[in-house]
Colleague: 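Below are the structure tokens for one structure; questions will follow.
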Amino acid sequence: MRLDKFLKVSRLIKRRTVANEACDAGRVSVNGKPAKASANVKQGDIIMIQFGNKEVRVEVLDVQETVKKDEAKDLFRYL
């Protein structure tokens, strides 16, 4: 699944356009490397997102096309 879509589906970032902008600005990395919005995300990947001066690191546990809002937190685990 594309990185921008995963960020939206998992509710880590609310909108796909915002996820795209974060990737373009270099604020998102996958497995320690800066990632484009089109980067492929799979189970076990580590995603790091810069929110201002705060840094969020998560491990991808599952990849699904659509999930309900209350099940979105099951797609990743905070590190």
Side-chain angles (χ1 to χ4, degrees):
M1 177 184 286
R2 285 175 56 105
L3 175 59
D4 57 348
K5 184 165 184 185
F6 177 80
L7 292 172
K8 181 205 170 286
V9 169
S10 67
R11 310 294 201 286
L12 283 166
I13 296 180
K14 299 288 184 232
R15 291 191 312 271
R16 195 162 173 180
T17 52
V18 176
N20 260 312
E21 291 165 4
C23 293
D24 291 344
R27 294 196 311 262
V28 181
S29 62
V30 176
N31 297 327
K33 299 183 185 108
K36 293 184 178 177
S38 61
N40 209 25
V41 174
K42 60 191 180 309
Q43 213 170 343
D45 283 349
I46 306 293
I47 300 174
M48 191 186 76
I49 310 165
Q50 293 280 137
F51 290 112
N53 60 355
K54 194 175 108 181
E55 188 177 280
V56 176
R57 290 181 52 159
V58 297
E59 178 184 355
V60 178
L61 299 178
D62 195 10
V63 176
Q64 295 181 18
E65 291 296 314
T66 56
V67 292
K68 294 188 175 94
K69 187 177 182 182
D70 54 336
E71 296 170 359
K73 63 185 179 302
D74 298 333
L75 297 179
F76 63 90
R77 173 173 61 102
Y78 287 105
L79 300 175

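For the numbers below, each heavy atom of this structure counts, side chains included, while hydrogens, waters and symmetry mates do not.
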Colleague: Once rounded to the nearest 0.5 Å, what's the spacing between atom NZ of Lys8 and atom CZ of Arg15?
Modeller: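 So the gap between those two atoms works out to 11.0 Å.
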Colleague: What's the shortest heavy-atom distance between Gln50 and Glu55, and which atoms?
Modeller: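 What the structure gives for the nearest pair is OE1-OE1, 2.8 Å.
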Colleague: Suppose the criterion is ring pair (Phe, Tyr, Trp, His ring centres under 6.0 Å): which pairs have a residue in residues 5-34, not counting sequence neighbours?
Modeller: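 Output for this query is empty, none listed.
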Colleague: When rounded to the nearest 0.5 angstrom, what distance separates CZ in Arg11 from CG in Leu75?
Modeller: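 Reported value, rounded in 0.5 Å steps: 9.0 Å.
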Colleague: Which residues pass the salt bridge (Lys or Arg N to Asp or Glu O under 4.0 Å) test with Lys5, sequence neighbours left out?
Modeller: Glu65
Colleague: Find out if a path of hydrophobic residues (ILVMFWY) with successive side-chain heavy-atom gaps under 4.5 Å connects Val9 to Phe76.
Modeller: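 As far as the 4.5 Å side-chain criterion goes, Phe76 and Val9 are connected within one cluster.
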Colleague: What pairs of donor and acceptor atoms, side-chain ones from residues 17-41 against any protein atom, are under 3.5 angstrom apart with sequence neighbours left out?
Modeller:
from: Asn20; atom 1: ND2; to: Asp4; atom 2: OD2; distance (Å): 3.2
from: Asn31; atom 1: OD1; to: Ile46; atom 2: N; distance (Å): 2.9
from: Asn31; atom 1: ND2; to: Asp45; atom 2: OD1; distance (Å): 3.1
from: Asn40; atom 1: OD1; to: Met1; atom 2: N; distance (Å): 3.1

Colleague: Hey, could you give me the CG/CG distance between Leu3 and Leu12, rounded to the nearest 0.5 Å?
Modeller: 10.0 Å
Colleague: Can you pull the ring pair (Phe, Tyr, Trp, His ring centres under 6.0 Å) pairs that have at least one residue in residues 15-53, sequence neighbours excluded?
Modeller: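 Output for this query is empty, none listed.
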Colleague: Hey, any chance Ile47 and Val63 share a hydrophobic cluster, counting ILVMFWY side chains that come within less than 4.5 Å of each other, even indirectly?
Modeller: yes
Colleague: Which pairs, with at least one residue in residues 66-79 and sequence neighbours excluded, count as a side-chain hydrogen bond (donor to acceptor under 3.5 Å, both in side chains)?
Modeller: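 Only Glu59-Arg77 qualify under side-chain hydrogen bond (donor to acceptor under 3.5 Å, both in side chains).
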